[in-house]
2 protein chains.
Amino acid sequence: MIQGVATRFERIKARPAYELVAEEIEGKILAGILRPGDPIGTESELVKQFGVNRSTVREGIRLLEQSGLVARESSRRLSVAVPHYHGLATRMSRALVLQQVTFRELFHTSRALGPGSIDQAIDNRTDEDLEALDANLARTREMRHDARAVAELDAEFHRLLDGATHNRVLLLAKEPVNILVRPTTAHIIANNPSGIPRLIEAHGHLVDALRTRDREKGRLWIDRHLRDWKAGFEISGRDLDSAVEAIIGDGRGEA
Amino acid sequence: MIQGVATRFERIKARPAYELVAEEIEGKILAGILRPGDPIGTESELVKQFGVNRSTVREGIRLLEQSGLVARESSRRLSVAVPHYHGLATRMSRALVLQQVTFRELFHTSRALGPGSIDQAIDNRTDEDLEALDANLARTREMRHDARAVAELDAEFHRLLDGATHNRVLLLAKEPVNILVRPTTAHIIANNPSGIPRLIEAHGHLVDALRTRDREKGRLWIDRHLRDWKAGFEISGRDLDSAVEAIIGDGRGEA
DNA sequence: ATCTGTCCGATTGTCAGACGATTGCCGCAT
DNA sequence: ATGCGGCAATCGTCTGACAATCGGACAGAT
């Protein structure tokens, strides 16, 4: 009953037309024939070119739209876009949440990424990065009594830190992780505000390490910072092997 | 004319109905009300529930389909799916290619990820992982004169190595990187087959490190392996700051 | 009893055509 | 040149329809 015969046939896949439409356009983009910023035709033009109905074209466009390859510029016309990290990373993180990944996995991943990315940041940081980090640090100190604000500033701090690597691949690798880390951190800070001074201290030393390009110091403090993070999680009374929940925004609704 | 008054209004965003449809369903999934495997209703049911036209429902479904949250099972009915790494990672990698990221960025990211992930693999590897790695190693030795085959086996080796971490977050973080690494590696191996013995040697030591759970050794050989990789790239005569190209499959067409 | 061929309802993929709401642009008045 | 009104283009949505396909039921053949 289940495949015992000699000749095997390939699976026949009748691709619907809307997929073909999407694929066609996608191909042109990936091949570089259509470059970011280039306008895709209007829907009616596509209708004429592909010889299918507008509904079909539209469904195809939805596919591309979601993958970020095309977007409407100035709210009307479609054009080729460069998929932006955040939207994609958001979707990846969602996948993780649905798979009920554990805090343990998240922690070990952060740990694995820590030293390498702080090294990169130390090597590649610019003065502007330092400025931004300093500003963030200052504001964090100001707001140290507001756990909610600190959580947000912490998230921004790490975003800036990652940005200082000026490595887009690394950034992309970290983004989905960060999206999961953020809400967890917020929770930890809210539950244990007494950790805030340590957090600020760590941030301070990290900025210092970047300023003086001191790898040793950078690694040391990143490590401490992560340990504190884990400790905070444990203090908040949760199990390392419990699934991370995440408040994941939609990824569509930003400016 | 532009916001000067006391009362601030929130930006009014007239989201198209098809987005709202997608969002609604997505919300139910992310909230756990709809679990993977659950059937989404038929289109007509959704039409009745949402009170919009079928075309609109369909456009919404396309969005979800692309993000991987729903899929057609048995080629017909739609049901909730768990987005799988590969499709998402493929899209992310595409984004990177379109942004013309450089080999340098890719290399430094691999370097940053290396030690942490080998540590994880050493800690979490199972006997099955070792078996699979051994088998891969054996086949690589067999095929050592076929550069193309070695490239493929190398890709599999690293996939197995990553899998041995049993850390889904780490896996997800690495996947988009790996997708970019793979074609580059294939190119390097093809251009410089004399590096194959070193590659095999490194793989052997890495498996060894996993077997004996020897972190020191693991880190050492991962580092060498990566250096060789970079060296191979330079020998092939390309500039570290040239953009990586990638042969990126479609991400839709797998079984 | 198992297999094959056929039929039917349900559902999807695709199409034709239409309408209101925005948006961009162009010409006109200032 | 600048600002404004008006027009055409385009999008979002809807109505209604039809063919192809799938799932399953049912009857006939081996």
### From A/Ser55 atom OG to A/Glu43 atom CD, the distance as rounded to the nearest 0.5 Å
9.5 Å
### Query
How close or far is atom C1' of C/dG13 from atom CZ of A/Arg62, stated in whole angstroms?
17 Å
### Task
Using heavy atoms to find the nearest nucleotide of DNA chain C for B/Ser44 and A/Gly51 separately, return the residue whose nucleotide is more 5′.
B/Ser44
### Query
Given atom CD of A/Glu43 and atom P of D/dT13, what is their separation to the nearest angstrom?
11 Å
### Task
In plain terms, say whether A/Arg62 and A/Glu65 are close enough for a salt bridge, that is, a side-chain N and a carboxylate O under 4.0 Å apart.
yes
### Message
C/dA10, OP1 or OP2 - any side-chain N/O from B/Thr42 closer than 4.0 Å?
### Response
no
### Message
Between the base of C/dG13 and the side chain of B/Arg54, is one N or O donor paired with an acceptor at under 3.5 angstrom?
### Response
yes
#### Entry: Closest to side chain of B/Ala17, choosing from C/dG13, D/dC14, D/dT13
D/dT13
### Task
Kindly say if A/Asn53 contacts the phosphate of C/dT14, meaning a side-chain N or O under 4.0 Å from OP1 or OP2.
no
### Query
Once you round to the nearest 0.5 Å, how far does CD of A/Glu128 lie from CG of A/Leu160?
12.5 Å
### Query
Rounded to the nearest Å, what distance is computed from the CD1 atom of residue A/Ile61 to the P atom of nucleotide D/dC11?
7 Å
#### Entry: Rounded distance in Å - CZ (A/Phe50) to P (C/dC15)
12 Å
### Task
Would you tell me whether A/Glu59 and A/Thr56 have side-chain atoms, one donor and one acceptor, within less than 3.5 Å of each other?
no
### Query
Between atom OH in A/Tyr18 and atom P in C/dT14, what is the gap in whole Å?
7 Å
#### Entry: A/Thr56 side chain near C/dC15 phosphate (N/O to OP1/OP2, under 4.0 Å)
yes
### Query
What is the distance from CD of A/Glu59 to P of C/dT14, rounded to the nearest Å?
7 Å
#### Entry: Short side-chain N/O contact from B/Arg58 to OP1 or OP2 of C/dG13, under 4.0 Å
yes
### Task
Would you kindly give the CD-to-P distance between A/Glu19 and C/dG13, to the nearest whole Å?
9 Å
### Query
Say you draw a straight line from NE2 of B/His158 to OG1 of B/Thr185; how long is it, rounded to the nearest 0.5 Å?
7.0 Å
### Task
Take atom CG of A/Leu46 and atom P of D/dT10, then tell me their distance rounded to the nearest Å.
11 Å
